[in-house]
Structures are given as C-alpha cells and as structure tokens.
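Working notes, structure below.
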Amino acid sequence: MGENQGSVRLNWRDIAIWSMIISIALVAVISIVTTVKDADTLSVVALALAVIAFVAQIIVFIVQAAAANDQQMKAQEVYSQTMRALTLIEEKMEGTRQTVNTMNEQLLARVLNGSLPEPVAKEAMAAGTGDAGPSEPPLQQVPRPRPVRAGERERPVSLSASRSLSLSA
C-alpha cells in the first residue's frame with residue numbers, strides 16, 4: 001500500500017464507460033431543457049460542447065499528473081542507483097590509491113635502503129626522475145630479503161621479463 005499511496009488507478013475502459021454515461025446524460029438533460037424552455041438550439045449545443053470539453057480537460061489533467069508522478073518515481077530510483085554506483089566507485093578508487101601509495105613507499109624505501117639490485121634501483125631512480133636510464137637489460141639478481149616487522153605479512157618481490165618490479169600481496 002505504501003507504493004500506491006496518494007495515487008488513483010483507473011482502467012481506460014472504466015473511464016470510457018463513465019464518459020459515455022455522462023455524455024448520454026448531458027444529451028438527455030439538454031434535450032429536455034430545449035423542449036421545455038424553448039431555448040435557442042445553437043446556444044444549447046455550444047453549452048454542451050463546453051461541458052464535454054471541460055470533462056475531457058479534467059481527464060487529461062488526471063492522466064498527466066499520474067504520468068508525472070510515475071516519471072518522478074523512476075527518476076528518484078535512477079538517482080539513488082547512480083549515487084550507490086558513485087559511492088562504490090569512490091571506495092574502490094580510494095583503495096587503489098592507498099595500494100599504489102603503499103607500493104611506491106615500499107619501492108622508495110627499498111631503493112633508499114639499498115635492498116634492491118643495483119640495476120633495478122638505477123632503473124627505478126631513472127623512471128622517477130624522467131632520465132632514460134641504461135639501455136642494456138639489467139642482470140637477473142635475487143634481491144636480499146628484507147626483515148619482516150611484527151604483525152606484517154611478508155610480500156615476495158619478483159622481477160618480470162619486462163624489466164619492471166612487481167610486489168605481490
């Protein structure tokens with residue numbers, strides 16, 4: 001009931017039936033008034049058309065108000081879905097930023113501590129400053145293991161064939 005609160009639902013068939021009943025009743029009233037009062041036929045027809053147009057305008061207003069209400073409900077749903085998606089994207093982006101910052105800090109710490117092989121350290125320093133660095137491929141050396149602090153997981157370091165350093169979680 002909460003979903004349809006404040007709205008009226010009618011079938012088009014019911015509206016058409018009631019419109020025909022009202023139209024027939026109006027024609028009957030007009031014909032009775034015309035015969036009894038001996039009124040001008042043109043003014044009676046004009047009055048009947050005005051009443052029919054007024055009823056039609058009321059029906060159109062009701063239909064338009066219902067359509068606007070439905071459209072507003074759909075727009076609100078789209079807005080809430082969009083806000084949920086943006087929140088999710090923002091959370092993932094923050095997690096990615098933190099991961100990249102952690103990786104950069106670990107790489108910088110290893111470069112400054114000298115725990116990386118010298119060719120890899122030179123390449124990392126050159127990439128950080130924009131220098132071209134050495135053109136020959138670095139020697140494949142096994143890095144020295146770093147001490148693991150209490151409560152920290154050890155992250156193995158591996159060198160790939162493309163001369164880049166990757167830290168795996």
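Quick note: residue numbers are just sequence positions, from 1. Keep in mind that this is a model prediction, so the values were computed, not measured.
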_Quick one, Leu88 with Arg84, criterion side chain to side chain contact (heavy atoms under 4.5 Å, CB included). Give me CA distance, side-chain angles, the key distance, then yes/no._
CA-CA 6 Å; Leu88 182 64; Arg84 275 188 254 128; over 6 Å; no
*asked:* Contact between Thr87 and Glu91 at the side-chain level, heavy atoms closer than 4.5 Å - yes or no?
replied: yes
*Inter-residue atom distance Arg97.CZ - Thr102.OG1, 0.5 Å rounding*: 9.0 Å
*Is there a donor-acceptor pair closer than 3.5 Å between any side-chain N or O of Asn113 and the backbone N or O of Ala109?*
yes
*Look at the side-chain heavy atoms of Ile, Leu, Val, Met, Phe, Trp and Tyr, link any pair under 4.5 Å apart, and say whether Leu86 and Val78 land in one connected group.*
no
*Lys74 bridged to Glu77 by N-O distance under 4.0 Å*: no
*asked:* Taking CD in Glu90 as the centre, count heavy atoms belonging to other residues, nucleotides or ligands within less than 6.0 Å. Is the count above 12?
replied: no
*Which of these passes side chain to side chain contact (heavy atoms under 4.5 Å, CB included) with Met103: Thr99, Asn101, Leu107?*
Thr99
*Kindly determine whether Gln72 and Gln76 satisfy side-chain hydrogen bond (donor to acceptor under 3.5 Å, both in side chains), including the steps that lead there.*
CA-CA 6 Å; Gln72 183 179 6; Gln76 184 66 31; over 6 Å; no
